[in-house]
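Below: one structure, written as structure tokens.
Because the structure is predicted, anything quoted here is derived from the model rather than measured. Numbered from 1 within each chain, the chains take letters A, B, ... in sequence-line order.
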Number of protein chains: 2
Amino acid sequence: MSLGWMLFAKGDRHVTAELLYDEATRAKVPVSLATVYNTLHQFTEVGLLRQVAVDGSKSYFDTNASEHHHFFVEGEDALVDIPGAQVLVDKLPAAPEGYEIARVDVVVRLRRKQG
Amino acid sequence: MSLGWMLFAKGDRHVTAELLYDEATRAKVPVSLATVYNTLHQFTEVGLLRQVAVDGSKSYFDTNASEHHHFFVEGEDALVDIPGAQVLVDKLPAAPEGYEIARVDVVVRLRRKQG
DNA sequence: TTTTGTGCAAATCGTTTGCACCGTT
DNA sequence: AACGGTGCAAACGATTTGCACAAAA
């Protein structure tokens, strides 16, 4: 419950399990990391969160579960929403026989411009 | 070297480290998993492979390093190329100040149709 | 007392790293 | 003897799981 409030009270956010864990700890809510994971998964199953896989290691949970895409800043590991309307995917290929499209994820990978 | 042959002899492939490791073991090429990882990373640095992050856990290496996107079958963990020409992303948002777009990844998540 | 829910210690799994070994200069 | 390259055992970090405890029936 407390975790729920932390997640959704502040508007759209992208959290990693560890980030939420630290936040909870700082807020003197005593939970273990495992509990944070379990809670995040439960919210995800119910459709309140969306799990975003963007780089190999950690995974992000997005409190904005609606259709939209992401910027991902390499090296900084920051994830930023792109409003759904700003990306338009044309010409989606047909799904192979027997399968249907569950979701389309677009990740725009950013790199800090040098100079 | 042997790993290189395994990877590129069979045309376009998507391998996980573990898959390549099993293959090598079966082919009586004695390597450790760590070596497989190191080798995959070296190939990637040199631009012969492309690392694809598609779900939180394992990561895939694609022997097709050119610009193209992927189908990903949930539950089966299968990764399939979509020829580059079959996906067209319109209206890319501008990169935020100070950043440039490094790459755009599109993952079309598939689910087995029931019935 | 049984049953159901909750939280976490410990295990798991993919991945990385530091170092030992060996051939070459 | 110093150097460079290669492979891997062991460490690591993110995530999952099995189980112990507690409240409800």
Side-chain angles (χ1 to χ4, degrees), chain A residues 1-8 13-46 48-63 70 72-79 105 107 109, chain B residues 1-8 13-46 48-63 70 72-79 105 107 109:
Chain A
M1 277 288 290
S2 303
L3 293 177
W5 280 108
M6 284 181 205
L7 280 170
F8 297 107
R13 322 184 50 197
H14 299 100
V15 285
T16 58
E18 192 142 9
L19 196 133
L20 184 58
Y21 172 68
D22 287 352
E23 219 172 279
T25 305
R26 244 176 283 117
K28 304 269 184 293
V29 179
V31 279
S32 80
L33 198 44
T35 302
V36 172
Y37 274 103
N38 289 335
T39 308
L40 286 172
H41 284 314
Q42 280 163 220
F43 278 125
T44 303
E45 266 154 42
V46 169
L48 287 170
L49 288 179
R50 189 201 247 248
Q51 191 165 359
V52 185
V54 81
D55 80 314
S57 49
K58 8 169 153 248
S59 64
Y60 291 79
F61 294 82
D62 188 343
T63 58
H70 295 101
F72 178 69
V73 185
E74 295 178 347
E76 243 165 273
D77 288 17
L79 197 60
D105 283 345
V107 177
R109 252 158 246 276
Chain B
M1 279 286 291
S2 303
L3 293 177
W5 281 108
M6 284 178 204
L7 281 170
F8 296 107
R13 322 183 50 196
H14 300 97
V15 284
T16 59
E18 193 142 9
L19 195 130
L20 184 56
Y21 171 68
D22 287 351
E23 219 171 280
T25 304
R26 245 176 283 116
K28 303 270 184 292
V29 178
V31 279
S32 81
L33 198 46
T35 302
V36 172
Y37 274 103
N38 289 336
T39 308
L40 286 172
H41 285 315
Q42 281 164 220
F43 278 126
T44 303
E45 266 154 42
V46 169
L48 286 171
L49 289 178
R50 191 201 245 250
Q51 191 165 359
V52 185
V54 80
D55 80 313
S57 48
K58 9 170 153 241
S59 63
Y60 290 79
F61 293 83
D62 188 342
T63 58
H70 296 101
F72 178 69
V73 185
E74 294 177 347
E76 242 164 276
D77 288 18
L79 196 59
D105 283 343
V107 177
R109 251 159 247 276

Check your understanding: Roughly how far apart are B/Asp55 CG and B/Tyr60 OH, rounded to 0.5 Å?
Key -> 6.0 Å
Check your understanding: For D/dT16, does either OP1 or OP2 sit under 4.0 Å from a side-chain N or O belonging to A/Tyr37?
Key -> no
Practice item. Take the protein atom CG of A/Asp55 and the nucleotide atom P of D/dT15, then report the distance between them rounded to whole Å. Key: 10 Å
Review point. Of all the nucleotides listed (C/dT15, C/dG14, D/dT15), which has the minimum atom distance to the side chain of A/Lys58?
Key: D/dT15
Check your understanding: Nearest to the side chain of B/Asn38 - D/dC8, C/dA9, C/dT15?
Key -> D/dC8
Review point. For the atom pair CZ (B/Phe43) and CZ (B/Phe8), what is the distance rounded to the nearest 0.5 Å?
Key: 5.5 Å
Check your understanding: In terms of side-chain heavy atoms of B/Ser59, which of C/dC8, C/dT15, D/dC8 is nearest?
Key -> C/dT15
Check your understanding: Which value, rounded to the nearest 0.5 Å, describes the distance between B/Phe61 atom CZ and B/Leu19 atom CG?
Key -> 12.0 Å
Check your understanding: Atom OH of B/Tyr21 and atom C1' of C/dG14: how far apart are they, to the nearest Å?
Key -> 14 Å
**Study point:** Between C/dG14 (P) and B/Tyr60 (OH): distance, integer Å
**Key:** 11 Å
Revision key, fill the gap. To the nearest angstrom, the CZ-P distance between A/Phe43 and C/dT6 comes to 12 Å
**Study point:** A/Leu33 CG to D/dT15 C1', straight-line distance once rounded to whole Å
**Key:** 8 Å
Exercise for review: In whole angstrom, give the distance that lies between atom CG of B/Leu20 and atom P of C/dG14.
Suggested key: 15 Å
Review point. Measuring from B/Thr63:OG1 to B/Arg50:CZ, what's the distance to the nearest 0.5 Å?
Key: 11.5 Å
Review point. Can you tell me if the side-chain N/O atoms of B/Thr35 get under 4.0 Å from OP1 or OP2 in D/dC8?
Key: yes
Exercise for review: Using whole Å, report how far CD of A/Gln42 lies from P of D/dT16.
Suggested key: 13 Å
**Study point:** Short side-chain N/O contact to D/dA14 OP1/OP2 from A/Ser57, under 4.0 Å
**Key:** no
**Study point:** Integer-rounded Å distance: C/dT17 P and B/Leu40 CG
**Key:** 15 Å
Exercise for review: To the nearest 0.5 angstrom, please state how far the CG atom of A/Leu79 sits from the CZ atom of A/Arg13.
Suggested key: 12.5 Å
